Amino acid sequence: MGSYNLPKGITGSELLNNTETGLKAKAAKRGDVSDVVLAIEVDGKLVDLASPIDHDANISFVIGSSMEGRSVLRHSTAHVMAQTVRDLWPGAKYAIGPATEDGFYYDFELPGGDHFTDADLDRIEKRMSEIIKEDQPFAREEHNLAEGAKLFADQQYKLEIIQAVGEEESAADLSQDQVGVNNDPVVSVYRNAGDHSDFIDLCRGPHVPSTGYLGNFKLLKVAGSYWRGDENRQQLQRIYGTAFESPDALTEYLKRLEEAEKRDHRKLGAELDLFHFPHEIGGGLPVFHPKGALIRTMLEDFSRQVHLNSGYLPVWTPHVTKSTLYAKSGHLEWYSDNMYPPMEMEGAEYRLKPMNCPMHILVYSSRSRSYRELPMRLFELGTVYRFERSGVLHGLARVRGLTQDDAHIFCTPDQLHGELEALVAFVLEVLTTFGFDDFEAELSTRPEKFVGEISDWDLATNALASALSAANIPYRVAEGEGAFYAPKIDIHLTDAIGRRWQVSTLQVDLQMPARFGLYYVGDDNERHRPYMVHRALFGSVERFMAMLIEHYAGAFPLWLAPVQVLVVPVAESHHDYSDEVLLRLKEVGLRADIYPAEEPLGARIRKGKLEKIPYILVVGDEDVDSRTVGVNRRGSSKPERGVLLDDFVEEALSVVSEGHAGGGTAVKIGRQRLI
RNA sequence: GCCUGGGUAGCUCAGUGGUAGAGCAGCGCACUUGUAAUGCGCAGGUCGUGGGUUCAAUCCCCACCCCAGGCUCCA
């Protein structure tokens, strides 16, 4: 790394062996390239080790275990996979095959409409291993567009890409890497020659020097995909795989996949008897069983409590409305793809509610509002229905009927900044309650399809950005990803096994207040337009539950656990005492159940543990005499015998209240006119 | 919607061109238990739905329904 005075035209490989730099190439040991140099970065640009460096440059070496290194070896592995598919299905067309965050994929079209099946993955893997064993070099060539087109004459997707490169070039912006000596646009190709085949692929690179650097890979699944992601174009078949720098890293990743599968909320939802999706009702519409509903209830109670404590006012609005409401709000024009179709009733057309905002606006506009009432924060656990295409449904994480912890804040322009800042703090306080501490935000700006004035959009977007800066949370900007009526902030968090989830969202909206002619009377006795902030912290209760189930792996903290304590009498002779214990627990508000002595003790303990119940209390002769219980704490393998019942109750109650201290933040609120 | 895989008992799954099996769960009886599966018995199925081929279909063919993964990462 660093700047070197380099002989003209030296390559990365030569540099590695150049004693002056003190760097050496490590021999690529098959099976582990963790600290083997795979490519180099020249002035910040990744290139092959074999590329000549013809100017003074800042060089860094990219090793297998780095982010860039993994990406290079995954991309190279994707090439080997394409080569294999070409070998096994002569005439196969290959489209694109990039590295992804966790692996790689390649899109293909097989001749004669043939399709891959899962069983093909084994065959392909085997052949790939052979190519890797042959240690074929990745040889880079550059060709002008006409030559390139000739090389890929039978590859329509590659031809299309070459054509796109040509168009880019003519559209000015001549970038260094795609321009040859005569300023002709060029494309680069990589050639792998081996015993089985001579394979070329159109590719910007870089690649590992030869296939021998690869080997720790696994093909994971076959999927469909559209050429260029456009559902109106050719459907291709995609093979997903992953590759790592060492066998250990690969194994660890595969273990993580397994762990994620074990935590799948749909699986745990069935095992723990929380909810299901009856066919009789239809896709994306869950029913919650008693234990699932208890968890929901706890979440919703918590949400109500923190909102009421934080100056929100409850409202309640219906699930259906005349279509005209959504015509006025603009939803019919901009959002109807996601709305259930209309129903006719008594000559009027009705719709299921896809968003709560227009209804909350009607609460605001039910009478004239004074500036003294602002900010006004209207809160509702509002159930909405959205039509999602069948293929995108995913357990509780993506449903067609959902309940949002939704609120709309109406405020004066002066209050906007303070409201947003307080809001971001409120969001983080609520999410922290569930043990999350790694947050990241995304600021989505004006989309192509939008309503309103650009100046309003800019104002709203800036207000959001400054709230994020004030809250000091890292964020990135997603250009054009905003809702049709407002820019938004999405808060993402990382769960217990490192996965990111999008939860909270907040939007600054200047359009709805205008569409509905909202106003407040200021201290100047004039009418002014309020700003409106849409926000949901959980996002949807269903999705939040899905995330919590996976985050906790089904082992909910005490305050959320549907059954908090299971009382297990050793024998029938202890039933009187265990009933007494149960009664006491219920009296103090703990959710407790009893498992009478109709099966052996070990079996009953086991069932309680499989249910992930936080406390299992075993009571026997000793306990009856001394008013004690034997406490089994979830996660601990040894029980604690002889704990005074009173002491246990005290412990449990304090753990419950610590679990969700969340009292909310007392904040300034507009004066409420109660009479 | 489209591609791939799947649909057999409440759950997890086995199975065959001659209309079905296991384990767990459920129910009954016995066992009376101090920390992760007591024993015996019983019951439970329109083999997703409809059509076709066949003497005969859960199995083979066709259509449909439902479930899962993917269709965001762009040489």
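Throughout, a chain's letter reflects where its sequence line sits, starting with A, and its residues are numbered from 1. Because the structure is a prediction, the values reported are computed rather than measured.
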In whole angstroms, the gap separating P of B:rA75 from CE of A:Met81 amounts to 16 Å
Heavy-atom contacts, protein to nucleotides 64-70 of chain B, under 4.0 Å, summarised as B (base), S (sugar-phosphate only) or - (none) per nt, yield --SSSBB
Look at A:Arg266 together with A:Asp264 and state whether they make a salt bridge at an N to O cut-off of under 4.0 Å.
yes
Taken to the nearest whole Å, NE2/A:His75 to P/B:rC73 is 14 Å
Between CD of A:Glu101 and C1' of B:rC74 the distance, given in whole Å, is 16 Å
Mind checking if A:Ala95 touches a base, just sugar-phosphate, or nothing, with heavy atoms under 4.0 Å? nothing
A:Arg140 atom CZ is separated from B:rA75 atom C1', nearest whole Å, by 11 Å
Whole-Å distance, A:Arg228 CZ to B:rC73 C1', equals 14 Å
Any side-chain heavy atom of A:Met339 within less than 4.5 Å of one from A:Leu352? no
- Message: Base, sugar-phosphate or nothing for A:Phe116? Non-hydrogen atoms, less than 4.0 Å.
- Response: sugar-phosphate
If you define the side chain from C-beta out and look only at heavy atoms, does anything of A:Leu285 sit under 4.5 Å from A:Val399? no
CD/A:Glu261: more than 12 non-hydrogen atoms of other groups inside 6.0 Å | no
Reading nucleotides 27-36 of chain B from 5' to 3' and marking B where a protein heavy atom lies under 4.0 Å of the base, S where only the sugar-phosphate is that close, and - otherwise, the string is -----BBBBB
If pairing means Watson-Crick or G-U wobble with both distances under 3.5 Å, then the partner of B:rG69 is B:rC3
Taken to the nearest whole Å, CD/A:Glu388 to C1'/B:rC71 is 15 Å
If the P atom of B:rG18 is compared with that of B:rU58, how far apart are they to the nearest Å? 11 Å
When rounded to whole Å, the CG to P distance for the pair A:Leu202 and B:rA75 reads 9 Å
- Message: Can you check the distance between B:rC27 and B:rU33, where both ends of the measurement are the C1' atom (answer in whole Å)?
- Response: 22 Å
- Check: A:Glu160 and A:Gln156 side chains under 4.5 Å, non-hydrogen atoms: no
Expressed as a whole number of Å, how far does the C1' atom of B:rU46 sit from that of B:rA57?
14 Å
> What is the ring orientation for A:His75 with A:His79, classed by angle as parallel under 30°, tilted 30 to 60°, or perpendicular over 60°?
Replying inline: perpendicular
For B:rG50, the nucleotide meeting Watson-Crick or G-U wobble distances (both under 3.5 Å) is B:rC62
- Message: Whether the side chain of A:His265 engages the backbone of A:Leu396 through a donor-acceptor N/O pair (distance < 3.5 Å, no angle test) should be reported.
- Response: yes
message = Between A:Phe387 and A:Tyr335 (judged by ring centroids, cut-off 6.0 Å), do the two rings come close enough to count as a pair?
response = no
Protein-proximity profile, nucleotides 6-12 of chain B, B/S/- by nucleotide at the 4.0 Å heavy-atom cutoff, equals -------
Whole-Å distance, A:Ile239 CD1 to B:rC3 P, equals 17 Å
- B:rC47 and B:rU8: how far apart are their C1' atoms, nearest whole angstrom? 4 Å
inquiry  = In whole Å, measure the gap between the C1' atoms of B:rU12 and B:rG7 for me.
reply    = 14 Å
B:rC40 -> Watson-Crick or G-U wobble partner, both distances under 3.5 Å, gives B:rG28
Checklist entry - Should A:Phe138 and A:Val208 count as side-chain neighbours, where that means a heavy-atom distance under 4.5 Å? => result yes
What's the gap between B:rU72 and B:rA36 when it is taken at their C1' atoms, as a whole Å value?
43 Å
Only one of A:Ile295, A:Leu268, A:Leu272 passes side chain to side chain contact (heavy atoms under 4.5 Å, CB included) with A:Ile549, and that residue is A:Leu268
Measuring only the P atom in each nucleotide, how far is B:rG41 from B:rG34? A whole number of Å is fine.
26 Å
Exactly one of A:Leu566, A:Leu558, A:Asn632 clears side chain to side chain contact (heavy atoms under 4.5 Å, CB included) with A:Tyr615, and that residue is A:Leu558
For B:rG21, the nucleotide meeting Watson-Crick or G-U wobble distances (both under 3.5 Å) is B:rC13
Less than 4.0 Å between a side-chain N and a carboxylate O, is that true for A:Arg641 and A:Asp623? no
Q) Which value, in whole Å, describes the distance between the C1' atoms of nucleotides B:rU54 and B:rC11? A) 36 Å
Mate of B:rU33 across any strand shown (Watson-Crick or G-U wobble, both atom pairs under 3.5 Å) is none
Worksheet item: Does A:His574 use its side chain to pair, donor to acceptor, with the backbone of A:Asp621 at less than 3.5 Å?
Response: yes
By the Watson-Crick or G-U definition, both distances under 3.5 Å, B:rC74 is matched with none
